[in-house]
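Before any comments, here is the structure.
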Amino acid sequence: KAIANERKQMSSSSNSPTEVISIIKHLYDIFYNTTKAIFPQFEDPICVISSQTNKSDYQCNSAMPLSSKLKQLNVQMSSLDIAKKLVENLPYSPLIERTEITGPGFISIFLTKDYAKTFISLILNEGVKPPPMKKLRVVVDFSSPNIAKQMHVGHLRSTIIGDSISRLLEFLGHDVLRINHLGDWGTQFGMLIAHLEDIFPNYVNESPPIADLQAFYKESKKRFDEDEEFKKRAYDRVVKLQSGEKNSTKAWQLICDVSRREFQHIYDLLDVKIVERGESFYQSRMESLVKELDEQGLLEEDEGRKIMWGEKTEGEIPLTIVKSGGGFTYDTSDMATIKQRIEEEKADWIIYVTDAGQATHFKSIFACAKRAGILDPSKIRIDHLGFGVVLGEDGKKFKTRSGDTVKLSDLLEEGTRRSLEKLKEKERDKILNEQEIIDATNNVAYGCIKYADLSKSSRNDYVFSFDRMLDDRGNTAVYLLYAYVRICSIARNLGEEFNKQMPKLKKETPIVLDHEKEWKLAKVLIQFPDIIEKILRELNIHYLCDFLYHIATTFTEFYDSCYCIQKNKQGEVVKIDVSRVLLCEATAAIMAQCFDILGIKTLKKV
Ligand code: ARG
């Protein structure tokens, strides 16, 4: 009790942190260090901190596992005694109001309001800042569709997740290189070039009008399979292309341009920035890499192929580094790629965003890169962010009614059509002007498509349903976008005079968190850095969506029971609770930051 009192007194002094920090990380650090000091026999002691529960703000659950660990060392100490000892030895923290031991040794932790007040003031006066961390060079490899083939929902998912992860890392101040690893190299180009020569013999002087590259691909594939002479010529063109011969290179560029334009259209609609660096970029690097691997004695002959094993563990498939005809493969290019990113780009962290089906491929790449001395996992973090399949509402792989792959531009168009329909249904077109309705239509449509993708754990498959994603109830982008506009309008509706004073009010008004619902809302907001840490650890952005939804629902509770603005019968404002209005503003600021990380554009009014 004495300790608790002492802490209370000290917390009112000006010891509160001046930066936003992850509370869970802070608590982990002090509990970890305390545990280590009490039990020096543990080099790296167990420390378990869980986030907010119904009963307490945070909780330390280490006492029980510590007790059993001690037992293994023949030391008898009950978990309750361990919990007591931890609490007694805990250093002062400006975040902790008091602790309480329950059950067999759970330590409930209750937060001071001071830190939350500081946090809210920081947000109001300095904007939403990231928690401090070491700045890294990060390569994010995402989207990466294939030339002359359809960009499909899998690539869309990679684009949306990769963009959001990049946005998060950029917000944190990291140096992010967003790379589009286009499938622009490989034997299929031989048949495409040979076919182009036949259909548009004048391609060198005049740009061929290829409208439908998929059909073009199918035609050339058919000839390749049926016509021996054509097949020979196709092989010859691959060799020519890879050796940099002029005409074949020109033909290849023209073909790539057609796809490139289609892809760019999608990136523009979704406002995704990405640098193109396709597989072709690595041609010369693949040649030298293969030489190096051979010299290191890492390649094995296997029925004419050259293969490489990583860890030779059970179920592992070796990489094919050189095909029996001498050509390179997807494996070769990814080995050259990882080397380029580490050695030339000086990456501290590399993230690949593709469907989960490529997990084995990346596992082998990482293992082989380690074996070849390219990758040192103690220095470089490397992640394959594999995501689940996009399913149709029938639970089967997402396809059109006729069973074809869905064209992304058609899909996005349908999204905007449905979004406009919804807005009209709600008669928003009567309140918004022409430009506003266009913006609202697009922001809602693309916001919904992105949110539906991001709000499910990316590891799982997910069902693509326009009806579900455009619903304005539940955890959807529409619900959150509307909630956000309403929160923003609280202060805005107080008029210009009031808003002019806002900077001064933000600086001078003490934040009050006396009402239970004010405190509850504040305790959600201060979790922002915790959520970021969690996403960085697990690379799963859906925690940010859950957080946004949590903010919106907690805000509703607060707004329902705490008046911010009192009006008389005539509708005139008679009383303003400035602290509460500021709490609304802080809520909106954090929500805006979350939307920005998700790549979702907000609405001005609804
Ligand atoms: N083009 C590949 C596909 O469509 C994705 C490439 C991912 N990136 C990589 N470095 N392998 O599946």
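The analysis underlying the following values was restricted to heavy atoms, covering all of them including side chains, and did not include hydrogens, waters or symmetry mates. One-based numbering, in listed order, for ligands and for the atoms of each.
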Exercise for the section: Just let me know how F362 lines up against ligand 1, side chain, backbone, both or neither, with a heavy-atom cut-off below 4.0 Å. Expected result: side chain
Problem - Heteroatom proximity flag, H155 to ligand 1, N/O under 3.5 Å - result: yes
Handout entry: Residue F281 excluded, over 12 heavy atoms near CZ under 6.0 Å
Key = yes
Handout entry: Backbone or side-chain N or O of D141 under 3.5 Å from ligand 1 N or O
Key = yes
Handout entry: Donor-acceptor pair between T476 and D471 side chains, under 3.5 angstrom
Key = no
Practice task
With heavy atoms of T354 as the reference, note each atom of ligand 1 found under 4.0 Å away.
Solution key: 7 (C)
Exercise for the section: Please check if the side chain of K135 supplies one atom and the backbone of M133 the other of a donor-acceptor pair under 3.5 Å. Expected result: yes
Fill in the blank from the handout: Under 4.0 Å between heavy atoms, the region of N146 that gets near ligand 1 turns out to be side chain
Exercise for the section: Answer yes or no for D334: is there a heavy-atom contact with ligand 1 below 4.0 Å? Expected result: yes
Exercise for the section: Start with the C-alpha gap between V140 and V138, add the side-chain angles, then the distance that decides, and say whether side-chain contact (heavy atoms from CB on, under 4.5 Å) holds. Expected result: CA-CA 6 Å; V140 186; V138 195; 4.2 Å; yes
Exercise for the section: Give yes or no for whether the N/O distance cutoff of 3.5 Å, strictly under, is met between E279 and ligand 1. Expected result: no
Handout entry: Those atoms of ligand 1 less than 4.0 Å from some heavy atom in Y352
Key = 10 (N)
Handout entry: Sub-3.5 Å N/O-N/O distance, H361 and ligand 1
Key = no
Exercise for the section: For atom NZ of K240, decide whether the heavy atoms of other residues, nucleotides or ligands shown that lie under 6.0 angstrom number more than 12. Expected result: yes
Handout entry: Within 45° cone of F263 ring axis and under 6.0 Å: R260 NZ or CZ
Key = no
Fill in the blank from the handout: Within 4.0 Å of some non-hydrogen atom of Y330, the atoms of ligand 1 are 2 (C), 5 (C), 6 (C), 7 (C), 9 (C), 11 (N)
Exercise for the section: Report yes if some N/O of R341 lies less than 3.5 Å from some N/O of ligand 1; otherwise report no. Expected result: no
Handout entry: Considering all heavy atoms, the nearest W185-F189 contact
Key = N-CE1, 3.4 Å
Handout entry: Distance-minimising heavy-atom pair for I374 and K339
Key = CG2-CA, 3.7 Å
Exercise for the section: Considering the heavy atoms of Q358, write down every atom of ligand 1 situated less than 4.0 Å from one of them. Expected result: 3 (C), 12 (O)
